[in-house]
Amino acid sequence: MIVVDTNVIAYLYLQGEHTAAAEVLLERDPEWAAPILWRSELRNILAGYIRRKTLTFDQAYDVQQEAESLLEGSEFEVDSHAVLKLVKDSDCSAYDCEFVALAIQLNTKLVTMDSKLLRAFPKRGVSLIEN
């Protein structure tokens with residue numbers, strides 16, 4: 001099992017430059033986990049696509065449903081103390097630190113493209129494209 005951040009989930013479903021890497025990751029390691037926060041973050045990404053008319057409402061809803069199915073049973077609450085400790089020791093947002101906290105909790109890696117997270121947590125974070 002690996003923890004993936006919301007952008008990695010979005011890359012899987014929204015065609016772009018990192019979609020192929022996300023697909024390879026899913027083939028190689030199909031057990032993805034994320035903090036429950038990922039749902040709201042993906043909705044926010046999809047809202048941008050809807051507003052730019054890149055996706056219809058129905059297409060965006062389908063993406064959300066598919067992603068929720070992928071992560072079913074692998075969404076976790078994270079401990080606030082752990083998240084805030086990570087925030088205290090880095091320049092990363094509390095949102096981003098939720099993913100790191102979950103990776104620590106599950107004793108696994110966090111796959112991300114967020115350079116700030118990769119710099120702040122080099123022992124826990126792994127780049128999607130260097131993975």
Side-chain angles (χ1 to χ4, degrees):
M1 179 178 287
I2 56 171
V3 174
V4 293
D5 74 5
T6 307
N7 285 324
V8 173
I9 298 165
Y11 297 145
L12 184 65
Y13 295 105
L14 302 169
Q15 291 300 309
E17 107 180 72
H18 301 302
T19 299
E23 291 171 343
V24 168
L25 178 66
L26 184 62
E27 276 183 37
R28 192 175 63 237
D29 203 335
E31 288 187 64
W32 288 11
I36 293 171
L37 168 72
W38 81 269
R39 287 178 177 236
S40 293
E41 288 188 334
L42 184 61
R43 288 183 200 116
N44 197 51
I45 291 168
L46 293 171
Y49 277 74
I50 291 168
R51 289 187 180 114
R52 288 187 303 276
K53 300 189 184 325
T54 309
L55 290 178
T56 66
F57 170 85
D58 290 336
Q59 290 169 324
Y61 182 71
D62 288 346
V63 167
Q64 185 74 33
Q65 291 301 110
E66 285 184 48
E68 288 177 13
S69 292
L70 174 68
L71 286 154
E72 187 175 354
S74 297
E75 301 169 275
F76 298 88
E77 290 284 341
V78 291
D79 178 66
S80 294
H81 183 270
V83 172
L84 293 173
K85 186 169 180 348
L86 293 168
V87 167
K88 177 181 76 72
D89 296 335
S90 74
D91 287 341
C92 298
S93 71
Y95 301 117
D96 289 340
C97 286
E98 285 202 24
F99 292 88
V100 178
L102 181 59
I104 292 168
Q105 178 182 320
L106 297 176
N107 193 29
T108 192
K109 295 289 183 182
L110 165 62
V111 180
T112 182
M113 287 292 292
D114 187 313
S115 58
K116 186 186 269 190
L117 273 175
L118 291 168
R119 279 191 310 274
F121 303 101
K123 293 180 182 174
R124 202 51 72 173
V126 176
S127 173
L128 172 64
I129 58 174
E130 296 172 7
N131 189 13

Might you point out which heavy atoms bring [X] and [Y] nearest each other, and give the distance in Å?
X      : Y      : value
Ser127 : Val111 : C-CG1, 4.5 Å
Leu71  : Trp32  : CD2-O, 3.2 Å
Ala67  : Ile9   : CB-CG2, 3.9 Å
Ile129 : His18  : CG2-ND1, 3.7 Å
Met1   : Ala33  : SD-CB, 3.6 Å
Cys92  : Asp96  : CB-CB, 4.4 Å

Judged by atom type as modelled, is there a donor-acceptor pair below 3.5 Å linking the side chain of [X] to the main-chain atoms of [Y]?
X     : Y     : result
Glu98 : Tyr95 : no
Thr19 : Tyr11 : yes
Arg39 : Glu68 : no

Pair Val83-Val100, side chain to side chain contact (heavy atoms under 4.5 Å, CB included): steps then yes or no: CA-CA 8 Å; Val83 172; Val100 178; over 6 Å; no
Side chain to side chain contact (heavy atoms under 4.5 Å, CB included) between Lys109 and Val3, worked out: CA-CA 6 Å; Lys109 295 289 183 182; Val3 174; over 6 Å; no
Glu31 side, atom CD; Leu70 side, atom CG - distance, nearest 0.5 Å: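 It is 11.0 Å, given to the nearest 0.5 Å.
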Heavy atoms from other residues, nucleotides or ligands near CD of Glu72 exceed 12 (cutoff 6.0 Å):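 No, CD of Glu72 has 12 or fewer neighbouring heavy atoms, counting only those of other groups under 6.0 Å.
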Pair Asp62-Tyr13, side chain to side chain contact (heavy atoms under 4.5 Å, CB included): steps then yes or no: CA-CA 10 Å; Asp62 288 346; Tyr13 295 105; over 6 Å; no
Side chain to side chain contact (heavy atoms under 4.5 Å, CB included) partner of Asp114, chosen from Leu118, Leu110, Leu117: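 Single pass found, and it is Leu117.
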Ring-face cation of Arg52 near Tyr49 (centre distance under 6.0 Å, axis angle within 45°):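 Yes - Arg52 lies over the ring of Tyr49, closer than 6.0 Å to its centre and within 45° of its axis.
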